[in-house]
Amino acid sequence: MTFNNSGNRVRVTGFISSDITSQSAYSIEFKLAVPRKAKRGEQSFNDVFTVYANESSTITFAKNHLKKGSVVIVKGELRTLNKGTIKICSSNITITSVSK
């Protein structure tokens, strides 16, 4: 399923802060930490989002190439679930650089 609701589209760049976990045979999830800019002299912090993917090519790519610490661009929809949690549902994940 392609996530392309024009009203909820997001493009986020961050680093993977958890292991990629399989939710079922057809979906994966991982945590994406996005650094927030800080003012001079203040401590910076990260916003953390759960990324969900259920497209077979995206799952295969993620399992073969992504690991904790990888810097990626995630494009998809921002969705709020009934428990008030927020997920980025994505069908497009791109590596920008891989940390060692």
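- Separating the CD1 atom in I20 from the CD1 atom in I59 is a distance of 10.5 Å, to the nearest 0.5 Å.
- Without hydrogens or angle criteria, T21 side chain to E29 main chain gives a donor-acceptor distance under 3.5 Å.
- Under the 4.5 Å side-chain criterion, counting only non-hydrogen atoms from C-beta, V74 is in contact with L32.
- The cluster map of Ile, Leu, Val, Met, Phe, Trp and Tyr, joined by side-chain heavy atoms under 4.5 Å apart, puts V34 and L78 in the same cluster.
- With a 4.5 Å cut-off on side-chain heavy atoms, F61 and T94 do not count as touching.
- Here K37 contributes atom NZ and S44 contributes atom OG; the two are 12.0 Å apart, rounded to the nearest 0.5 Å.
- For the pair E77 and K87, the salt-bridge criterion is not met [side-chain N within less than 4.0 Å of a carboxylate O].
- The closest side-chain donor-acceptor pair between S27 and S24 falls under 3.5 angstrom.
- Contact check for F15 versus V72: no side-chain heavy atoms found under the 4.5 Å cut-off.
- Residues T50 and K31 bring a donor and an acceptor atom of their side chains to less than 3.5 Å of each other.
- With S70 contributing its side chain and K67 its backbone, the two residues share a donor-acceptor pair below 3.5 Å.
- Hydrophobic clustering keeps V48 apart from Y52 (ILVMFWY residues linked when any side-chain heavy atoms are closer than 4.5 Å, directly or through intermediates).
- Between T58 and N92, every side-chain heavy-atom pair lies at or beyond the 4.5 Å cut-off.
- The shortest non-hydrogen separation linking R79 to C89 is CD-SG, 3.6 Å.
- Between D47 and R36 there is a salt bridge, since at least one side-chain N of the basic residue sits less than 4.0 Å from a carboxylate O of the acidic one.
- A single hydrophobic cluster is not seen to contain both V12 and I73; linkage of ILVMFWY side chains at heavy-atom distances under 4.5 Å, directly or through other members, places them apart.
- Using a 4.5 Å cut-off on side-chain heavy atoms (C-beta onward), Y26 and N54 make no contact.
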